[in-house]
Amino acid sequence: MLLTMTKKSTKAPAKKTAAKAPAQEEAKPSRNAGKEGGSGKVAKTQLVEMVADKANLTKKQSEEAVSAMLGVIVDAIKGGQSVGLPGLGTLSVKQTAARTGVRPGTSERIQIPAGKKVAFKVASTLKSSLGVTDDAAAE
C-alpha cells in the first residue's frame with residue numbers, strides 16, 4: 001500500500017466578495033480634480049482624449065497621431081534641430097559650457113563637463129495671453 005502525503009497550505013482561505021454592480025460604482029476623481037484653474041499636469045492619455053474630442057477622431061486614431069507627433073519632435077531634437085510649435089513656442093538644443101560646481105553635501109568643488117540641454121522659448125502670443133512679462137519670466 002502506497003501512501004502519499006500532501007502539504008497543507010498555511011494561508012487562510014480567500015474571502016469571496018460580492019462584485020459591485022456598475023450602477024453602484026462611484027466615479028473616481030481625476031488626479032487634477034479640485035485644483036484651481038486646471039493646474040496640474042496633463043498626462044498623455046488625457047491629451048489623447050482631448051485631441052480625439054477636438055479633431056473628431058477615435059481614441060485609437062488620436063493616440064497614433066499624438067505618438068507620431070511626439071516621436072517626430074523627439075527625433076528632430078535628437079538631431080539637433082529646433083522645433084517650432086505655433087502659438088506655443090520653440091524647442092531647441094543648447095550647448096552648455098564646462099563649468100565648476102559645488103557638491104551640495106561636502107561643498108567640494110567639482111568640474112562639470114560641457115554638454116547639451118533642451119531649451120524652450122515661449123511664443124510671444126502665449127506669453128501675452130497669460131499676462132507674463134519678460135521681467136516676471138526673468139525672476
Side-chain angles (χ1 to χ4, degrees):
M1 182 158 129
L2 185 62
L3 294 174
T4 59
M5 298 182 78
T6 59
K7 184 177 177 182
K8 288 188 176 182
S9 175
T10 58
K11 294 182 181 177
K15 293 182 181 179
K16 293 182 181 179
T17 58
K20 288 184 179 180
Q24 292 177 341
E25 287 185 15
E26 295 178 20
K28 291 183 181 178
S30 68
R31 287 186 170 176
N32 295 332
K35 293 188 179 179
E36 304 254 343
S39 63
K41 182 178 172 182
V42 176
K44 183 179 176 185
T45 55
Q46 293 168 319
L47 188 60
V48 166
E49 289 175 11
M50 287 187 255
V51 169
D53 290 342
K54 227 172 215 320
N56 200 21
L57 299 171
T58 66
K59 285 186 182 177
K60 183 173 180 162
Q61 291 170 327
S62 175
E63 197 278 327
E64 289 172 358
V66 168
S67 292
M69 184 175 171
L70 293 174
V72 168
I73 291 170
V74 168
D75 290 344
I77 298 255
K78 283 181 180 178
Q81 295 177 307
S82 293
V83 179
L85 302 169
L88 187 63
T90 304
L91 288 159
S92 59
V93 179
K94 302 270 182 175
Q95 290 291 122
T96 59
R99 61 199 185 278
T100 302
V102 178
R103 189 177 305 271
T106 62
S107 299
E108 170 190 359
R109 296 231 175 248
I110 58 171
Q111 191 63 28
I112 301 170
K116 296 178 184 178
K117 68 178 182 177
V118 176
F120 181 74
K121 183 178 179 191
V122 180
S124 58
T125 55
L126 181 58
K127 267 188 196 178
S128 62
S129 70
L130 293 175
V132 176
T133 61
D134 287 332
D135 294 336
E139 290 178 10

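Note: hydrogens, waters and symmetry copies are ignored here, and every other heavy atom, side chains too, is used.
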(message) Do Leu130 and Val122 have side chains that approach each other closer than 4.5 Å (heavy atoms only, starting at C-beta)?
(response) no

(request) Report the distance from atom NZ of Lys59 to atom OG1 of Thr45, rounding to the nearest 0.5 Å. (result) 9.0 Å

(request) Can you see which heavy atom on Ile73 is nearest to which on Leu91, and at what distance? (result) CG2-CD1, 3.9 Å

(message) Nearest 0.5 Å, please: how far is OG1 in Thr96 from NZ in Lys116?
(response) 10.0 Å

(message) Ignoring hydrogens, what is the shortest heavy-atom contact between Val118 and Ile77? Give both atom names and the distance.
(response) CG2-CG2, 3.9 Å

(request) With rounding to the nearest 0.5 Å, note down the distance linking OG1 in Thr100 to CD1 in Ile112. (result) 8.0 Å

(request) For Ser129 and Leu126, indicate whether the former's side chain and the latter's backbone hold a donor-acceptor pair under 3.5 Å. (result) yes

(message) How long is the straight-line distance from NZ of Lys121 back to NZ of Lys127, given to the nearest 0.5 Å?
(response) 6.5 Å

(request) Please tell me if the side chains of Gln46 and Lys41 come closer than 4.5 Å, counting only heavy atoms from C-beta onward. (result) no

(message) With a 4.5 Å cut-off on side-chain heavy-atom distances among I, L, V, M, F, W and Y, is there a chain of contacts connecting Val74 to Val93?
(response) no

(request) Report the distance from atom CZ of Arg109 to atom CZ of Arg103, rounding to the nearest 0.5 Å. (result) 13.0 Å

(message) Quick check: is Val66 connected to Val72 through a chain of hydrophobic side chains (ILVMFWY, heavy atoms under 4.5 Å apart)?
(response) no

(request) Supply the atom-to-atom distance Ser62 OG to Met50 CE, rounded to the nearest 0.5 angstrom. (result) 10.0 Å

(request) Verify the neighbour count for atom CE of Met69: are there more than 12 heavy atoms of other residues, nucleotides or ligands below 6.0 Å? (result) no

